[in-house]
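A note on names: the letters A, B, ... follow the listed sequences, proteins ahead of strands, and every chain is numbered from 1.
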Protein chains: 2
Amino acid sequence: MIKMFLRVSLFSLLVTLVQAEGLRGTGDMGIVIERATGSVLIIEHSSNTQLARVEGLGDLSHASAVFSRDARYAYIFGRDGGLTKIDLLTAKIVKRVMQSGNSIGGAISQDGQIVAVSNYKPGGVKLFAASDLAQLADIPATYEQNKQSKVIGLVDAPGQQFVFSLFDAGEIWLLDAKQSLSKPHIQKFSNIGKQPYDGLITPDGRYYLAGLFGEDGLALLDLWQAEKGAQHILPNYGKGQQKLPVYKMPHLEGWAEAGNYLFVPAVGQHAVLVIDKSNWQLVKTIPAHGQPIFVMSQPDQRRVWVNFALPNNDSLQIIDTFTLETLKTFKSGKGTLHMEFTPRGENVWVSVRDEDKLNIYDTATFELRASLPAHKPSGIFFTSRAHWTGL
Amino acid sequence: MIKMFLRVSLFSLLVTLVQAEGLRGTGDMGIVIERATGSVLIIEHSSNTQLARVEGLGDLSHASAVFSRDARYAYIFGRDGGLTKIDLLTAKIVKRVMQSGNSIGGAISQDGQIVAVSNYKPGGVKLFAASDLAQLADIPATYEQNKQSKVIGLVDAPGQQFVFSLFDAGEIWLLDAKQSLSKPHIQKFSNIGKQPYDGLITPDGRYYLAGLFGEDGLALLDLWQAEKGAQHILPNYGKGQQKLPVYKMPHLEGWAEAGNYLFVPAVGQHAVLVIDKSNWQLVKTIPAHGQPIFVMSQPDQRRVWVNFALPNNDSLQIIDTFTLETLKTFKSGKGTLHMEFTPRGENVWVSVRDEDKLNIYDTATFELRASLPAHKPSGIFFTSRAHWTGL
């Protein structure tokens with residue numbers, strides 16, 4: 001009897017220990033894509049440590065991620081069309097589906113219930129249940145006489161919507177995922193410009209912008225006045241002015257907002273463009289250290305950080321958003337591919353692919369706070385993205 | 001041997017089950033203050049359920065809360081000067097200190113390491129370690145010949161700073177918590193106006209505004225140009241114009257931002273003021289259903305929701321931020337005290353004190369999605385606040 005009691009007590013004690021051990025908040029967690037090995041590092045940014053590595057995610061050479069609304073699960077979009085749901089707390093793959101042959105990115109709906117993926121091949125958009133990745137809808141990007149378009153620039157928007165662009169069709173589509181998913185309501189905007197190659201939505205979810213590869217300028221859709229259709233802005237900006245070969249296309253999702261200004265990487269030019277959102281005019285062209293890739297603002301919008309294409313992909317440039325002048329340029333290491341700010345901006349994590357490390361800088365002093373090993377790191381994504389629109 | 005093996009396996013299985021059971025993401029959690037019973041409800045907003053109740057928090061008649069950066073712990077500031085740290089995952093009080101005789105609110109530093117509390121009696125600000133609530137600093141709000149001032153409007157600001165106002169001194173102080181905490185560096189701004197009664201900081205952490213009780217207008221400090229000192233804005237707005245007795249002071253932390261506009265509750269008037277942030281001029285005075293208390297914008301900034309003082313505290317008014325017109329006014333129930341939007345804005349939680357319930361509305365359709373019981377609920381706080389400045 002006593003033995004039994006002891007055994008039960010011991011068991012309860014162990015269970016309590018295990019429980020306490022396993023528990024942790026998920027608000028300070030994140031993942032780092034290890035592009036060469038198809039693996040993902042799980043990290044936490046309160047004390048800057050690695051927690052675990054998850055392997056078996058296929059081709060992550062151009063991968064991105066979104067998070068569940070409870071900040072526990074990451075959905076990772078692989079280049080090979082793989083969609084993988086991983087559990088940050090157990091460091092395990094929960095589910096993995098091959099949803100197409102070639103994919104470039106995805107988004108999660110406002111309510112966190114639907115994961116959307118945009119595809120190159122065979123084109124179109126697929127919707128999946130965030131819970132078990134069951135397919136909910138397959139939306140072909142059909143235009144003209146049964147032609148299929150590549151889909152790019154897919155983002156979530158307020159009102160349980162998704163917005164995306166059709167590269168081959170020159171269209172922007174607005175999908176309402178609040179209604180029937182078997183026959184989703186789609187509003188189509190045609191003649192938005194030639195070959196939209198990427199898109200972004202402003203943090204408030206109001207403006208959708210698509211970069212154009214086939215002509216100068218950008219396409220702009222004001223979702224608060226969608227009935228007015230897409231506008232063509234910055235008609236004098238683009239490939240027409242291009243003075244250098246484009247080593248790498250900039251990522252539009254890296255555009256930065258500060259007050260009323262947008263900071264935009266100029267394609268192929270050594271420049272960051274500053275656009276006034278109130279009239280969509282160019283305010284200034286800031287000289288850049290190289291061809292900019294990501295142009296990202298600190299959460300406090302006080303400074304914008306820029307990284308570059310080859311041969312300048314070893315540096316970071318920091319721009320003051322008040323004076324619109326460059327504050328500092330420094331060498332962060334070869335293959336500086338991506339940056340992610342801690343949610344309230346005191347630190348920035350930088351992936352340095354060719355040196356197999358992650359550098360963590362103090363955003364106020366630019367001091368290197370820590371450096372962690374990682375296998376060819378590229379994208380860095382923190383769980384705080386779960387709470388933001390369009391990321 | 002087989003028995004032993006079975007026992008070990010059974011144990012492992014149970015541990016795994018317990019572990020899996022206890023684990024959950026914390027990104028969709030929150031707390032509700034139950035003001036009459038000194039208790040706090042722990043809730044989650046993915047499927048709109050109550051998870052637990054924590055009791056023993058003292059006088060919560062005017063309470064607020066902030067969250068740890070991992071979104072696991074809440075720090076609750078009670079009216080009686082009690083500061084309580086609770087664990088949302090175990091639903092237990094981790095630590096509770098009585099830090100003063102009378103308190104009104106607090107904030108958490110950018111890096112999540114320091115909790116600051118502003119006090120009425122004896123006045124001043126105290127800093128505590130977020131980990132164990134050990135006191136780090138006691139900063140008296142001394143002015144003139146050793147007079148002590150009440151401190152109000154305490155917020156966190158980028159660069160590991162805190163900003164607060166001295167009611168009796170008519171000053172704004174900017175505290176740098178990055179340096180020594182035993183002798184913290186404080187920048188003081190005098191003659192900012194008579195009797196600042198509450199303050200707020202814009203979401204980017206740039207502008208600090210203090211409402212004035214002793215004169216018309218508001219005090220504005222641009223933290224990007226703090227060397228210019230505080231300005232006096234809206235000189236024709238305030239008590240001087242007041243047509244009605246003030247039943248309840250509006251909460252400045254409830255001010256709303258949408259694009260370049262701020263939406264402000266007019267003290268004592270049936271009006272919401274719209275201010276243009278680019279020149280700090282009044283754009284419009286929107287007629288309100290009563291004396292506004294909280295004026296809060298949806299995360300997408302498309303609409304602003306307003307609740308009211310007695311005798312209109314049974315209603316909500318929704319304003320369209322694009323047309324600046326009222327879209328809808330409806331009865332939400334007696335004692336409608338507070339609102340909290342889900343992080344990406346699809347729902348809003350409303351505390352209805354006199355009916356002992358929480359109403360959850362769809363922000364797109366205004367449909368009542370769920371109603372949960374709660375004891376005299378007041379403030380509602382979701383863990384996503386961990387990632388935002390000034391909340």
CG (B/D300) and CH2 (A/W224) are apart, to the nearest 0.5 Å, by 7.0 Å
When the 4.5 angstrom heavy-atom criterion is applied to B/S46 and chain A, the contacting part is both
Most contact-rich option vs chain A, by heavy-atom pairs under 4.5 angstrom, among B/I108, B/N347, B/D87, is B/I108
The interface call for A/S278 against chain B, heavy-atom contacts under 4.5 Å, is neither
Under 4.5 Å to a heavy atom of chain B? For A/Q160 that would be neither
Query raised in the report: Taking the side chain from B/R344 and the backbone from A/S109, do they hold a donor-acceptor pair closer than 3.5 Å?
Result: yes
Distance col, row B/L23:CG vs A/R72:CZ, nearest 0.5 angstrom, shows 5.0 Å
Contacts of A/Y361 meeting ring-ring contact (aromatic ring centres under 6.0 Å, His included) (sequence neighbours excluded), chain-then-number -> A/F330
Among A/E44, A/Q113, A/R206, the residue with the most heavy-atom pairs under 4.5 Å to chain B is A/R206
Looking only at B/K277, B/K178, B/M29, the option with the highest number of non-hydrogen pairs under 4.5 Å against chain A is B/K178
If you tally heavy-atom pairs under 4.5 Å between each of A/G205, A/A386, A/G112 and chain B, the highest tally belongs to A/A386
Of all heavy-atom pairs linking B/G27 and A/A71, the shortest is CA-CB, 4.0 Å
message: Tell me whether A/Y261 at atom OH has more than 12 heavy atoms from other residues, nucleotides or ligands lying less than 6.0 Å away.
response: no
When rounded to the nearest 0.5 Å, the distance separating CZ of B/R69 from CD of A/E346 is 5.0 Å
Sequence neighbours excluded, the answer for side chain to side chain contact (heavy atoms under 4.5 Å, CB included) partners of B/H387 is A/P343, A/S384, A/H387
One should read off an interatomic distance between A/D70 CG and B/R24 CZ, to the nearest 0.5 angstrom, of 6.5 Å
If you tally heavy-atom pairs under 4.5 Å between each of A/T90, A/T389, A/T26, A/L88 and chain B, the highest tally belongs to A/T26
